[in-house]
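Single-structure report; data block below.
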Amino acid sequence: ADYTDNDHPLSARAALNQVRAAADMPAITTSGDAFTESVRRKRRVELAFEDHRFWDIRRWKTGEVVKNIYGVRITGTDTNFTYSKVLVRQNQWDDKMYLFPFPQEELYE
């Protein structure tokens, strides 16, 4: 069952499905971890060029996903294409990267 209370009469899934219905998209029927993963995937696609990913990674503590950055190599002729996954860059990630330092002016006050 979806969680609701007096302050929030709709569950997250119900609210998401209202938005999807307005866009003539099928309803999300998953729950639990599968629902969370579908929301995260959708945010990644829909907000790709709006600088949300940086903060989402920190909020959800999923920094390990940025260790290996992949691209796609497309080869072929005018009518026949082949797509292959290519490692573009390897990054370092340490859990301390979830945190930010205090600004110096706040330390002096």
Side-chain angles (χ1 to χ4, degrees):
D2 290 345
Y3 173 78
T4 60
D5 61 28
N6 291 336
D7 293 329
H8 305 93
L10 290 177
S11 67
R13 184 176 29 195
L16 178 61
N17 283 334
Q18 279 186 352
V19 173
R20 291 178 64 86
D24 292 326
M25 296 177 71
I28 298 287
T29 59
T30 59
S31 62
D33 290 341
F35 173 75
T36 301
E37 192 57 38
S38 65
V39 169
R40 289 178 179 180
R41 190 177 332 104
K42 192 66 173 175
R43 281 186 62 85
R44 184 176 182 181
V45 171
E46 293 293 330
L47 304 172
F49 300 104
E50 298 180 22
D51 295 327
H52 288 269
R53 183 103 171 117
F54 178 87
W55 300 109
D56 285 348
I57 287 170
R58 279 143 187 86
R59 181 181 312 109
W60 298 327
K61 293 193 174 184
T62 57
E64 68 279 352
V65 300
V66 298
K67 284 186 175 180
N68 295 321
I69 305 298
Y70 292 94
V72 177
R73 177 174 290 129
I74 304 170
T75 56
T77 62
D78 290 341
T79 58
N80 189 18
F81 297 101
T82 303
Y83 303 91
S84 56
K85 185 176 177 179
V86 179
L87 181 64
V88 176
R89 185 175 70 212
Q90 288 186 306
N91 296 321
Q92 284 198 278
W93 182 265
D94 192 347
D95 285 350
K96 69 181 177 183
M97 294 176 175
Y98 290 125
L99 307 173
F100 286 94
F102 288 104
Q104 192 67 43
E105 54 273 2
E106 287 187 22
L107 294 175
Y108 287 143
E109 291 181 4

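- I28 and L16 get closest at one heavy-atom pair: CG1-CD2, 3.9 Å.
- Here the straight-line distance linking atom CZ of R43 with atom CZ of R53 works out to 10.5 Å at 0.5 Å rounding.
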(request) Determine, stepwise, if the pair T30 / E37 fulfils side chain to side chain contact (heavy atoms under 4.5 Å, CB included). (result) CA-CA 10 Å; T30 59; E37 192 57 38; over 6 Å; no
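- V45 and F49 are members of different hydrophobic clusters when ILVMFWY side chains are connected at heavy-atom separations under 4.5 Å.
- Around the CG atom of D94, the shell of radius 6.0 Å holds more than 12 heavy atoms that belong to other residues, nucleotides or ligands.
- Taking CZ of R13 as the start and CZ of R20 as the end, the distance is 12.5 Å to the nearest 0.5 Å.
- A distance of 15.0 Å separates CH2 of W55 from CG of L47, quoted to the nearest 0.5 Å.
- The local environment of CZ in R58 is crowded, with over 12 non-hydrogen atoms from other residues, nucleotides or ligands closer than 6.0 Å.
- For the residue pair V88 and G71, the shortest heavy atom distance occurs at CG2-N, 3.4 Å.
- With rounding to the nearest 0.5 angstrom, the NZ atom of K67 is 9.0 Å from the CD atom of Q92.
- Residues V66 and N91 come closest through the heavy atom pair O-ND2, 2.8 Å.
- Between W60 and Y98, the distance separating the two ring centers is not shorter than 6.0 angstrom.
- Under the 4.5 Å side-chain contact rule for hydrophobic residues, M97 and V65 share a cluster.
- Contact check on D56 versus R59 returns a salt bridge, with a Lys/Arg side-chain nitrogen under 4.0 Å from an Asp/Glu carboxylate oxygen.
- The distance from the OH atom of Y70 to the CD atom of Q90 is 7.5 Å, given to the nearest 0.5 Å.
- Remark: the backbone N or O of G32 is paired with a side-chain donor or acceptor of T36 at under 3.5 angstrom.
- Looking only at distances, no side-chain donor or acceptor of N17 sits under 3.5 Å from a matching main-chain atom of A27.
- For CZ of F100, the number of neighbouring non-hydrogen atoms (other residues, nucleotides, ligands) closer than 6.0 Å is greater than 12.
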